[in-house]
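Below is one structure, written out as structure tokens, with a few remarks after it.
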Amino acid sequence: MSFENYMKIEFLSKSQNESFARVVVASFVSQLDPTIEELADIKTAVSEAVTNSIIHGYDKQNEKVYLECRIIGNTIEITVEDFGKGIDDVDLARQPLYTSKPELERSGMGFTVMETFMDRIIVESEKGKGTRIKMIKKLKTAKNKE
Amino acid sequence: MSFENYMKIEFLSKSQNESFARVVVASFVSQLDPTIEELADIKTAVSEAVTNSIIHGYDKQNEKVYLECRIIGNTIEITVEDFGKGIDDVDLARQPLYTSKPELERSGMGFTVMETFMDRIIVESEKGKGTRIKMIKKLKTAKNKE
Amino acid sequence: MQLKFEVLNNTLVVLLNGELDHHSAEEVREEIDKKIESQNIKNLVFDLTNMRFMDSSGIGVVIGRYKKINKLGGKVGVANLNPHVDKIFQMAGIYKIICKFDTKEEALANL
Amino acid sequence: MQLKFEVLNNTLVVLLNGELDHHSAEEVREEIDKKIESQNIKNLVFDLTNMRFMDSSGIGVVIGRYKKINKLGGKVGVANLNPHVDKIFQMAGIYKIICKFDTKEEALANL
Ligand SMILES: Nc1ncnc2c1ncn2[C@@H]1O[C@H](COP(=O)(O)OP(=O)(O)O)[C@@H](O)[C@H]1O
Ligand SMILES: Nc1ncnc2c1ncn2[C@@H]1O[C@H](COP(=O)(O)OP(=O)(O)O)[C@@H](O)[C@H]1O
């Protein structure tokens with residue numbers, strides 16, 4: 001049985017919305033009955049992408065972050081988008097331990113976490129325009145067998 | 001201290017998204033530290049409005065329902081909107097026990113529940129265009145004292 | 001929503017486990033009606049100890065079962081309500097036709 | 001995020017209660033640094049028994065405290081990690097500078 005569901009959310013670039021974004025995705029994805037580990041992986045990846053939009057994408061608060069979540073069969077596609085600063089050099093940004101904000105005690109491991117916990121991530125970014133991160137993960141034990 | 005936060009979500013008119021909508025609002029509103037009763041009131045009102053969009057607004061599934069939530073000081077404003085059938089006679093629709101779908105075992109108490117559990121509800125609807133329900137509630141014990 | 005059934009002297013006790021909304025209502029309705037029809041049921045008790053959420057869809061489910069049971073000459077009771085569900089039932093005037101009990105045992109003893 | 005502190009023989013034990021993300025990191029950082037500076041602290045143990053969530057912001061917090069404690073000639077340990085947090089720490093190569101222990105007691109005995 002195949003199955004489709006979809007949701008899209010926009011919220012302000014306030015740090016208290018980081019946990020809110022995780023709850024929203026976890027709740028939406030729970031209809032597929034993910035394992036505890038899969039759910040933790042997804043929540044962590046979402047947390048990374050949303051945090052990046054808040055602290056790197058936008059300098060000031062109260063700009064809008066967009067999060068989309070799509071369920072196609074057993075696969076989850078999550079897109080996090082901001083219309084902020086954009087990334088100069090995506091290849092450099094994706095390297096483990098690279099961070100442009102060491103003064104904030106950022107570890108530079110955000111992209112590595114997303115890549116490890118999801119099956120695939122696609123980064124589209126344009127300087128001065130914004131950043132869109134698409135993350136895809138296929139659940140192993142999902143309810144909706146194809 | 002005054003405080004503003006905002007989120008907007010769109011999701012499909014599938015009945016499994018009713019509980020999702022409740023979780024989203026409960027999670028967003030929880031930053032104000034509502035009482036258990038206030039939270040139950042808000043979740044119930046949201047459930048009524050979202051269910052109405054799904055079963056009355058749209059005949060078929062997979063149309064979009066919009067839910068917005070705004071925090072202004074201690075006040076929560078929730079808007080649920082669909083671009084479905086619309087309501088013929090809003091005054092009649094708001095009457096306790098009135099339902100156009102008794103065959104679905106609807107009780108006709110949806111609007112009454114919303115009115116009882118929230119401080120104020122505003123219904124805007126146009127036949128053939130859609131329905132927008134705005135619900136306002138001031139929390140008594142909220143964290144953000146004005 | 002998870003349902004547990006128990007039959008005691010022609011009375012069907014339904015223990016509702018989870019959230020009763022429009023989404024879960026259909027399944028709840030069908031499962032209860034199947035039990036009513038297949039067993040020799042007269043009375044019905046909703047045990048709401050583990051019902052974590054209910055909106056007005058729950059009113060429809062309870063009234064619908066009342067109509068069915070009423071035709072069979074039986075009675076319907078609800079037990080172990082939290083204050084929130086009580087408020088919703090009160091709003092709908094449900095206690096004109098259905099009895100409220102503190103416990104399942106009280107319901108079984110008095111229906 | 002809720003923090004509980006305990007000082008045992010120059011070792012500060014921090015029990016983290018809640019979710020460690022970018023939002024909570026600042027408060028966690030400040031509270032721990034205040035303790036390190038105000039008490040006569042040498043070593044630091046993060047007890048993660050009740051940490052329900054952590055993302056890469058947690059790596060920053062741990063490495064930041066390591067740098068501080070390292071200057072004071074002390075050591076940092078982490079105890080009671082769930083597999084998910086362990087995976088994140090491993091990814092970041094944190095165990096090159098910080099010791100992992102099964103329990104708080106083991107950390108206190110071995111730092
Ligand atoms: N949404 C974004 N907008 C602008 N820059 C970003 C965004 N996301 C990531 N970056 C850049 O990529 C770098 C690496 O990101 P990441 O691996 O998550 O590490 P960290 O968040 O710890 O810096 C960031 O330091 C930043 O310069
Ligand atoms: N979003 C909507 N779109 C179209 N009609 C609606 C909508 N919401 C409510 N209605 C109309 O108002 C009536 C009363 O609604 P309500 O009090 O919630 O009771 P119920 O949902 O049990 O029918 C519905 O039966 C329907 O005819």
Side-chain angles (χ1 to χ4, degrees), chain A residues 11-23 25-26 34-58 61 65 80 93-118 135, chain D residues 1-2 14 16-34 36 44 46 48-71 76 78 80-98:
Chain A
F11 53 87
L12 296 181
S13 55
K14 285 177 184 286
S15 65
Q16 65 261 47
N17 290 337
E18 290 158 11
S19 61
F20 171 64
R22 295 195 295 271
V23 172
V25 171
T35 63
I36 291 175
E37 196 189 339
E38 285 169 332
L39 203 58
D41 288 356
I42 293 165
K43 283 173 75 169
T44 312
V46 166
S47 199
E48 299 296 349
V50 167
T51 299
N52 280 353
S53 288
I54 292 174
I55 61 179
H56 300 301
Y58 297 120
Q61 288 205 332
V65 179
V80 176
R94 291 178 76 150
Q95 286 194 0
L97 304 174
Y98 172 79
T99 178
S100 57
K101 300 219 165 163
E103 74 282 9
L104 292 185
E105 291 197 346
R106 301 303 300 165
S107 63
M109 292 300 291
F111 275 121
T112 310
V113 165
M114 291 182 244
E115 278 161 10
T116 310
F117 286 159
M118 303 294 283
M135 307 187 276
Chain D
M1 173 71 84
Q2 233 202 335
V14 192
L16 290 98
N17 220 311
E19 312 206 329
L20 181 51
D21 61 6
H22 157 252
H23 177 66
S24 61
E26 197 181 316
E27 180 200 335
V28 170
R29 193 183 302 143
E30 280 176 10
E31 284 199 44
I32 296 177
D33 286 356
K34 211 158 59 185
I36 294 177
L44 173 63
F46 290 93
L48 307 183
T49 315
N50 299 322
M51 195 173 68
R52 293 192 318 268
F53 175 84
M54 192 193 84
D55 65 15
S56 76
S57 310
I59 302 170
V61 170
V62 172
I63 293 182
R65 280 349 94 218
Y66 163 78
K67 287 182 182 160
K68 210 171 176 82
I69 289 287
N70 192 43
K71 273 193 205 143
V76 177
V78 288
N80 294 312
L81 291 80
N82 67 43
H84 194 75
V85 173
D86 189 33
K87 211 155 116 185
I88 295 174
F89 281 158
Q90 220 133 37
M91 222 180 278
I94 243 180
Y95 299 134
K96 284 175 210 140
I97 52 175
I98 279 158

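Keep in mind it's a predicted model, so treat the numbers as computed, not measured.
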(message) Please find the pair of heavy atoms, one from A:S100 and one from A:E103, that lie closest to each other, and give the distance.
(response) O-OE1, 4.0 Å

(message) Please evaluate residues D:I63 and A:E105 with respect to the criterion side-chain contact (heavy atoms from CB on, under 4.5 Å), reporting the C-alpha separation (whole Å), side-chain torsions for both, the decisive distance (0.1 Å), and the verdict.
(response) CA-CA 8 Å; D:I63 293 182; A:E105 291 197 346; over 6 Å; no

(request) State whether the side chain of A:E48 and the backbone N or O of D:D55 hold a donor-acceptor pair below 3.5 Å, judged by distance alone. (result) no

(message) Report which part of A:N17 has an atom under 4.5 Å of a heavy atom belonging to chain D: side chain, backbone, both, or neither.
(response) neither

(request) Would you mind telling me which of A:D41, A:T112, A:L97 has the largest number of heavy-atom pairs within less than 4.5 Å of chain D? (result) A:D41

(request) Using a 4.5 Å cut-off on heavy atoms from C-beta on, say whether the side chain of A:F20 contacts that of A:K14. (result) no

(message) Please output the residues of residues 81-90 of chain D in contact with chain A, using a heavy-atom cutoff of under 4.5 Å, in numerical order.
(response) D:H84, D:K87, D:I88

(request) Please report the closest heavy-atom contact between A:Y98 and A:A93, naming both atoms and the distance. (result) CD2-CA, 3.6 Å

(message) Below 4.5 Å, heavy-atom pairs only: which of A:T99, A:I36, A:T44 has the largest tally toward chain D?
(response) A:T44

(request) Please list, chain by chain and in numerical order, all residues satisfying ring-ring contact (aromatic ring centres under 6.0 Å, His included) with A:F111, sequence neighbours excluded. (result) none

(message) Can you confirm whether D:L44 sits close enough to D:I32 that some side-chain heavy atom of one is under 4.5 Å from a side-chain heavy atom of the other?
(response) yes

(request) Could you list the residues that satisfy side chain to side chain contact (heavy atoms under 4.5 Å, CB included) with A:L104, not counting sequence neighbours? (result) A:K101, A:R106

(request) Check each atom of A:T116 against the heavy atoms of chain D and say whether the ones under 4.5 Å are side chain, backbone, both or neither. (result) side chain

(request) Over all heavy atoms of both residues, which pair between A:E18 and A:I54 is shortest? Give the atoms and the distance, please. (result) CG-CD1, 3.8 Å

(request) Name, in order of residue number, those residues of residues 19-29 of chain D that have a heavy atom at a distance of less than 4.5 Å from a heavy atom in chain A; otherwise write 'none'. (result) D:E19, D:D21, D:H22, D:H23, D:R29

(request) Compare every heavy atom of D:Y66 with every heavy atom of D:I98, then report the nearest pair and how far apart it is. (result) CD1-CB, 4.0 Å

(request) Establish, yes or no, whether the cationic atom of A:R22 lies under 6.0 Å from the six-membered ring centre of D:F53 and within 45° of the ring axis. (result) yes

(message) Only pairs of heavy atoms separated by less than 4.5 Å count here; which of A:S107, A:G108, A:A45, A:G110 has the most with chain D?
(response) A:S107

(request) Could you tell me whether the side chain of D:S56 and the main chain of D:I59 form a donor-acceptor pair under 3.5 Å? (result) no

